[in-house]
Amino acid sequence: MFRLLDTALPPPAELLPPDDHACGGVVTFEGRVRDHHAGRAVIALDYEAYEPLALAEGQAILDEAAARFGAVRVAAAHRQGSLVPGEVAVVVVAAAPHRQEAFAACRWIIDEIKERLPVWKREHYADGASEWVGCGCHRNGEQS
């Protein structure tokens, strides 16, 4: 199940309870807000999402992972709203009979989330400036 939350993300075991004894490999990924980006000190970050599309696309990514990696169980959640460095922004969990499938599914899911999920981030810097990053739509205050 994919979740989009405006509160602290639940621990991985709440996203994907370990109730399937056929899964010997469980891989989790936590993406945290960094205190720097491109040589600048980051003091905060805002995530904005188009929620209906983000939920649908997030679930599509998980469904595709389940189809692509076989007997794998997957879940993920992404934050929206304002975060500070150190806070968890995204969590991915993949469980499979063997570690290879679990690692592959977890990596594939976070890569697809970064590429496809309609969630955008605006970084706030220590010098008082702020900028949308990673969306290709704003650069130095201009649209591209």
Side-chain angles (χ1 to χ4, degrees), residues 1-139 144:
M1 169 189 256
F2 182 83
R3 298 167 68 180
L4 185 64
L5 301 169
D6 56 7
T7 58
L9 297 180
E14 283 186 27
L15 288 176
L16 191 63
D19 58 358
D20 186 346
H21 299 290
C23 294
V26 177
V27 174
T28 63
F29 172 82
E30 286 186 353
R32 294 176 180 253
V33 175
R34 288 185 310 257
D35 67 356
H36 65 280
H37 177 77
R40 300 175 81 178
V42 174
I43 60 170
L45 190 150
D46 298 327
Y47 283 106
E48 291 187 16
Y50 178 58
E51 192 166 336
L53 184 56
L55 289 170
E57 190 65 20
Q59 189 59 52
I61 291 167
L62 295 180
D63 292 345
E64 289 173 38
R68 174 184 281 254
F69 296 98
V72 62
R73 297 175 55 234
V74 293
H78 201 293
R79 281 285 305 269
Q80 59 181 348
S82 297
L83 287 78
V84 296
E87 286 191 274
V88 178
V90 60
V91 174
V92 176
V93 185
H98 304 285
R99 66 182 181 276
Q100 295 92 339
E101 294 90 355
F103 275 113
C106 189
R107 181 175 183 135
W108 186 86
I109 290 166
I110 189 60
D111 287 348
E112 293 299 308
I113 284 174
K114 297 285 285 182
E115 178 71 26
R116 295 168 41 187
L117 203 68
V119 174
W120 302 275
K121 65 180 177 182
R122 182 178 185 95
E123 290 182 338
H124 300 276
Y125 305 105
D127 63 7
S130 64
E131 183 175 87
W132 290 99
V133 296
C135 64
C137 57
H138 295 81
R139 183 95 182 139
S144 59

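All values below come from the heavy atoms of this structure, side chains included, with hydrogens, waters and symmetry mates left out. None of these values were measured; they are calculated from a predicted model. This chain uses plain numbering: 1 for the first residue, then up along the sequence.
- Side-chain atoms of Val33 and Val84, non-hydrogen and from C-beta on, never get closer than 4.5 Å to each other.
- A 4.5 Å side-chain heavy-atom check between Met1 and Leu62 finds every atom pair outside the cut-off.
- Atom CG in Leu4 sits 5.5 Å away from atom CG in Leu55 (nearest 0.5 Å).
- Annotation: side chain of Val42 is in contact with side chain of Tyr125 (closest heavy-atom distance under 4.5 Å).
- Put simply, the side chain of Arg3 reaches to within 4.5 Å of the side chain of Leu15, judged on heavy atoms.
- Taking CG of Leu16 as the reference point, atom CZ of Arg73 lies at 4.0 Å (rounded to 0.5 Å).
- Between Pro18 and Ala13, the closest heavy-atom pair is CD-O, 4.2 Å.
- Put simply, the side chain of Arg122 never gets that close to the backbone of Val133: no donor and acceptor are under 3.5 Å apart.
- Nearest approach of Ala60 to Arg116, heavy atoms of both residues: CB-NH2, 4.2 Å.
- Residues Leu5 and Pro10 have side chains in contact (heavy-atom distance under 4.5 Å, counting atoms from C-beta outward).
- Atom CZ of Arg107 and atom CZ of Phe69 lie 11.0 Å apart (nearest 0.5 Å).
- You'll find the side chain of Glu48 reaches within 4.5 Å of the side chain of Trp132, heavy atoms only.
- For the atom pair CG (Asp46) and CD (Gln80), the distance works out to 11.5 Å, reported to the nearest 0.5 Å.
- Nearest heavy atom pair, residue Gly58 against residue Leu117, reads N-CD1, 3.6 Å.
- At a threshold of 4.0 Å, the pair Glu64-Arg68 does not count as salt-bridged, since none of the basic side-chain nitrogens sits closer than that to a carboxylate oxygen.
- Closest approach of Ala102 and Gly25 over heavy atoms only: CB-O, 3.6 Å.
- Summarising the geometry of Ala71 relative to Pro97, their closest heavy-atom pair is O-CD, 3.0 Å, with the distance given to 0.1 Å.
- With rounding to the nearest 0.5 angstrom, the CD1 atom of Ile61 is 12.0 Å from the NZ atom of Lys114.
- Taking the side chain as every heavy atom from C-beta outward, Ser82 and His124 never approach each other to under 4.5 Å.
- Between Val119 and Arg79 the shortest heavy-atom distance is CG1-O, 4.4 Å.
- Side-chain contact between Phe2 and His78: present, with at least one pair of heavy atoms (C-beta onward) separated by less than 4.5 Å.
- Annotation: Phe103, atom CZ; neighbour count of heavy atoms from other residues, nucleotides and ligands within 6.0 Å does not exceed 12.
- The CD1 atom of Ile113 sits 9.5 Å away from the CH2 atom of Trp108 when rounded to the nearest 0.5 Å.
- Residues meeting the ring pair (Phe, Tyr, Trp, His ring centres under 6.0 Å) test with Phe29, sequence neighbours left out: none.
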